[in-house]
Amino acid sequence: MPEIKSMTFVGWAQIALVLAAVIAAAIPLSAYIARVLGGERTFLSPILAPVERIFYKFSGVDPSREQGWLAYAMAMLAFSIAGFVSLYSIQRLQGAFASESSRVQRRAV
């Protein structure tokens, strides 16, 4: 039967550090998200607003018009299907895209 090992001090310290980082980031990020969703100007607006307008222009989206439930459902289905097909294709074609080192390693086994 394998021996059960307890966590070390370093393990607990890493957990505490990550938890502290998440808690420290939660307050400023939540304030930022509240401003963005409220339509207020943020410190990233001068950088991200032009990029957002370009995406809207190329995708044909009118930012002043709300999206209905049917359009939202169709967009979600299209995105899910495209993601599924992409990931399935990557998995199926993985052998064709393998590097030379993996082929040599496979032959050696």
Side-chain angles (χ1 to χ4, degrees):
M1 189 165 164
E3 180 182 336
I4 298 174
K5 296 182 180 182
S6 62
M7 284 189 55
T8 63
F9 173 75
V10 174
W12 285 109
Q14 287 176 342
I15 291 172
L17 183 67
V18 169
L19 183 62
V22 168
I23 291 172
I27 294 170
L29 285 177
S30 63
Y32 174 76
I33 290 171
R35 279 193 169 137
V36 168
L37 294 177
E40 299 175 30
R41 185 174 169 84
T42 64
F43 68 96
L44 287 176
S45 293
I47 299 167
L48 296 180
V51 175
E52 184 180 34
R53 281 193 294 273
I54 290 170
F55 276 115
Y56 284 159
K57 182 180 177 183
F58 285 127
S59 61
V61 173
D62 181 9
S64 62
R65 211 176 104 217
E66 288 194 22
Q67 185 178 31
W69 71 270
L70 185 60
Y72 180 79
M74 290 298 154
M76 289 297 293
L77 279 173
F79 185 79
S80 296
I81 290 169
F84 175 80
V85 169
S86 299
L87 291 174
Y88 182 77
S89 300
I90 289 169
Q91 288 290 315
R92 294 296 291 179
L93 299 172
Q94 191 172 6
F97 297 129
S99 66
E100 184 61 33
S101 63
S102 64
R103 287 188 190 117
V104 171
Q105 195 175 27
R106 212 177 313 138
R107 277 188 237 137
V109 175

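The structure presented is a predicted model; accordingly, all values stated were derived computationally and were not measured.
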Inset, instruction - Applying salt bridge (charged side-chain N to carboxylate O under 4.0 Å, His left out), name anything that partners R53, two or more places apart in sequence or on another chain. - result: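 If we apply the salt bridge (charged side-chain N to carboxylate O under 4.0 Å, His left out) test to R53, skipping adjacent residues, there are no hits.
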With a cut-off of 3.5 Å and sequence neighbours excluded, list every side-chain donor-acceptor pair involving residues 18-31.
unit_1	atom_1	unit_2	atom_2	d
S30	OG	A26	O	2.9
S30	OG	I27	O	2.8

Legend entry - For V51, the rest of its hydrophobic cluster, which grows through side-chain links under 4.5 angstrom: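 V51 clusters with F55.
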Legend entry - Nearest atoms (heavy-atom pairs only) where P50 meets S45: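 For P50 versus S45, the nearest heavy atoms are CD-O, 3.9 Å.
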Legend entry - Minimum heavy-atom distance R41-R35, with the two atoms named: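 Result for this residue pair: O-CD, 4.2 Å.
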Legend entry - side chain to side chain donor-acceptor pair (under 3.5 Å) involving Y56 - partner list, sequence neighbours excluded: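 For Y56, the residues satisfying side chain to side chain donor-acceptor pair (under 3.5 Å) (neighbours in sequence not counted) are E52.
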Legend entry - Euclidean distance, I47 CD1 relative to T42 OG1, rounded to 0.5 Å: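 T42 atom OG1 to I47 atom CD1 measures 9.0 Å (nearest 0.5 Å).
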Would you give me the side-chain donor-acceptor pairs under 3.5 Å for residues 63-78, sequence neighbours excluded?
unit_1	atom_1	unit_2	atom_2	d
S64	OG	D62	OD1	2.9
S64	OG	D62	OD2	3.3

Inset, instruction - Any pair with a residue in residues 73-97 that passes side chain to side chain donor-acceptor pair (under 3.5 Å), sequence neighbours left out, goes on the list, sorted by first then second residue, please. - result: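 Pairs touching residues 73-97 that pass the test: none.
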